Number of protein chains: 2
Amino acid sequence: MTTTPDGKEVIFEQPCPIRDVLDRIGNQWSLLILEALAPGTLRFNALMREIGDISKQMLSRTLKQLEQDGFITRTLYPEVPPRVEYTLTPLGHSFLEPMQQLVDWADTHHHAIVAARARYQAENDQA
Amino acid sequence: MTTTPDGKEVIFEQPCPIRDVLDRIGNQWSLLILEALAPGTLRFNALMREIGDISKQMLSRTLKQLEQDGFITRTLYPEVPPRVEYTLTPLGHSFLEPMQQLVDWADTHHHAIVAARARYQAENDQA
DNA sequence: TGACATGGTCACGTCAATGTGACCACTGAA
DNA sequence: TTCAGTGGTCACATTGACGTGACCATGTCA
């Protein structure tokens, strides 16, 4: 992402698709939001309560990115007070499938990673 | 990661395994290095040439992290000039399997993401 | 004598990601 | 009248990721 001389934002296609995806999903909140939306539609403040320790700012920004990339849709009901609903798109749902494999792998092998770190540290402490 | 009063580094287990994994793999170089090592063992400078635009600094740092987490092993042969070989561990290999699913998903759906961005931008340009 | 290759480390600067708190427009309830 | 809730935005500070270039010890080759 960069800007043209007139100040508009231009989003360039990354050369490598997986980099593109990891850049979005690798951040602190995207995955949490997608998984919170997996069971169904939620409103802004409901998402905040669901996730717990996210600020309005970060929730708003991250939702905008996810909407931009087509993972979720944002629906504004012009009532008073306004109601805004966020829902996973089919693209968003389809993404969660391979992602779930990775989550499962992480759950399964997390102990091995922690053990490796402990071993590494033990080896380098004696020095 | 934080430090104890005596200055030693302590690596805490993340509460959420997938966060832990994404924090490591989400960075710019880890995945590239793992995939470069997938076919077999490589030496430091061979890795640099393979990846192309990585600096010594970042390669060294990232390799150290990956070794720490048990994804790769580092073998030093005390010859002159020294020879250092990096190899995927079974853990590293097993990680690449679910990761490959995600890479495939990214390849398949990348066009949809790019299209969604274009659509989003078009909708917000008229405003 | 000096250049070169190996596998790094160190000091430093930059930039994007993230967090904090204030503010906003609207309206129904107390 | 004032307070709370809804769904945000804005300005600011901090932190960590990342990049650049210098430097190092060793030995071999020219």
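These numbers were taken from a predicted model, which means no experiment stands behind them. Protein chains get the first letters and strands the later ones, always in sequence-line order, with residue 1 at the start of each.
Between the CD1 atom of B/I54 and the C1' atom of D/dG19 there is a distance of 11 Å, given to the nearest Å. Nucleotide D/dC23 holds its P atom 16 Å from the CD atom of B/Q57, rounded to whole Å. A/E85 has its CD atom 12 Å from the P atom of D/dG8, to the nearest Å. In this entry the distance linking CG of B/L59 with C1' of D/dC18 reads 14 Å, nearest Å. Atom pair B/L63:CG and D/dC18:C1' shows a separation of 15 Å (rounding to whole Å applied). One atom, NZ of A/K64, and another, C1' of D/dG8, lie 8 Å apart when rounded to the nearest Å.
Residues A/A106 and B/P17 come closest through the heavy atom pair O-CB, 3.7 Å. Across every non-hydrogen atom of B/E50 and B/A36, the tightest pair is CG-CB, 4.0 Å. Contact between A/D20 and B/H110 at its shortest, heavy atoms only, is OD2-NE2, 2.8 Å. The two residues A/F44 and A/L59 come nearest to each other via the heavy atoms O-CD2, 3.7 Å. Here the shortest heavy-atom pairing between B/R19 and A/Q28 reads NH1-O, 3.5 Å.
Note on B/Y120 and B/I113: separate hydrophobic clusters, where clusters join Ile, Leu, Val, Met, Phe, Trp and Tyr whose side-chain heavy atoms are under 4.5 Å apart, directly or indirectly. Residues A/I72 and A/M58 fall within the same hydrophobic cluster, defined by Ile, Leu, Val, Met, Phe, Trp and Tyr side chains chained together at heavy-atom separations under 4.5 Å.
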Does the side chain to side chain contact (heavy atoms under 4.5 Å, CB included) test come out yes or no for B/F95 and B/V21, once each step is laid out? CA-CA 10 Å; B/F95 168 77; B/V21 170; 3.9 Å; yes
Determine whether A/E67 and A/T73 satisfy the following criterion, side chain to side chain contact (heavy atoms under 4.5 Å, CB included), listing intermediate values before the conclusion. CA-CA 6 Å; A/E67 188 200 355; A/T73 54; 5.9 Å; no
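Screening B/L88, B/I33, B/L37, B/V84 against B/L42 for a side chain to side chain contact (heavy atoms under 4.5 Å, CB included) leaves a single residue, B/L37.
For the segment residues 35-53 of chain A, the set of residues with a heavy atom within less than 4.0 Å of an atom of DNA chain D comprises A/R43, A/F44, A/N45, A/R49, in numerical order. Using a 4.0 Å cutoff on non-hydrogen atoms, no part of residues 69-78 of chain B comes near DNA chain D.
Comparing A/R61 and B/P81, the nucleotide of DNA chain C nearest to each residue sits closer to the 5' end for B/P81.
If you check the side chains of B/R61 and B/Q57, you find a donor sitting under 3.5 Å from an acceptor.
Boundaries of the chain B contact region on DNA chain C are C/dT6 to C/dA11, first to last in 5' to 3' order (nucleotide atom under 4.0 Å from a heavy atom).
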